[in-house]
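Since the structure comes first, as structure tokens, the remarks are kept for the end.
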Amino acid sequence: MTPKNEIQEDFMIEEQANKTYKLNIENNTIEGICDGLESIKQTIYCILNTERFECLIYSWDYGIETKQLIGEHSTYVIPELERLIKEALKQDDRIEDVTEFEFTKERNVVTAKFIVITNIGNIKVEKEVNI
């Protein structure tokens, strides 16, 4: 008999499939199912385009907090945006790291280009933020 304060470790951790509905962003429709790297690309898109804490359907770990950057100077926005992107994307277990950030600023828009390293491959991503 195991004491109540001891944790038994006789279980298996099983990874779930990556299959999900395929979003067609341009037509605003769902078109079939996607899997693998395409599924992760779609997840990245959704995370980076969902303002954190605003949609009750998502946990507080989902999304990115970009509203706080509006009106701030680019010297603050650029390092903060890198931190926010890493924090938002690394909530997904399939994403191992976010690296090679490059930033450009035109008028009131900062564009971040970076590489997302996943457990099945790397993805080039671009995110624009109004400041």
Does [X] share a hydrophobic cluster with [Y], counting links as ILVMFWY side-chain heavy atoms below 4.5 Å and allowing steps through other members?
X      : Y     : result
Phe103 : Leu48 : yes
Ile131 : Ile70 : no
Ile47  : Phe53 : no

Glu102 side, atom CD; Thr104 side, atom OG1 - distance, nearest 0.5 Å: 9.0 Å

Minimum-distance pair of heavy atoms, taken over all atoms of [X] and [Y]:
X      : Y      : result
Thr50  : Tyr62  : OG1-CE2, 3.9 Å
Ile120 : Gly36  : CD1-C, 3.4 Å
Asn49  : Tyr45  : ND2-O, 2.7 Å
Leu81  : Val110 : CD2-CG1, 4.2 Å
Gln42  : Tyr21  : NE2-O, 2.6 Å
Pro79  : Ser74  : CD-O, 4.4 Å

Side-chain H-bond candidate by donor/acceptor type, Thr43 with Arg94, under 3.5 Å: yes

Thr118 side chain to Glu96 side chain, donor-acceptor N/O pair below 3.5 angstrom: no

Residues forming a side chain to side chain donor-acceptor pair (under 3.5 Å) with Thr29, sequence neighbours excluded: Glu31

Note, Asn122 side chain near Val116 side chain (heavy atom, < 4.5 Å): no

Check: Lys67 and Glu51 side chains under 4.5 Å, non-hydrogen atoms: yes

Among Glu72, Glu82, Gln68, side chain to side chain contact (heavy atoms under 4.5 Å, CB included) partner for Val77: Glu72

Of Asp35, Leu89, Asn119, the residue whose pairing with Ile40 passes side chain to side chain contact (heavy atoms under 4.5 Å, CB included): Asn119

Derivation and outcome, side-chain contact (heavy atoms from CB on, under 4.5 Å), residues Leu23 and Cys46: CA-CA 10 Å; Leu23 301 176; Cys46 291; 3.8 Å; yes

side-chain hydrogen bond (donor to acceptor under 3.5 Å, both in side chains) assessment of Thr111 paired with Glu126: CA-CA 7 Å; Thr111 303; Glu126 185 174 315; 5.1 Å; no

Residues that Lys22 engages under salt bridge (Lys or Arg N to Asp or Glu O under 4.0 Å), provided they are two or more places apart: Glu38

Pairing of Glu87 and Arg52 as salt bridge, 4.0 angstrom limit: yes

Ile95 and Ile44: CA distance, side-chain angles, deciding distance, side-chain contact (heavy atoms from CB on, under 4.5 Å) verdict: CA-CA 9 Å; Ile95 296 174; Ile44 292 168; 4.0 Å; yes

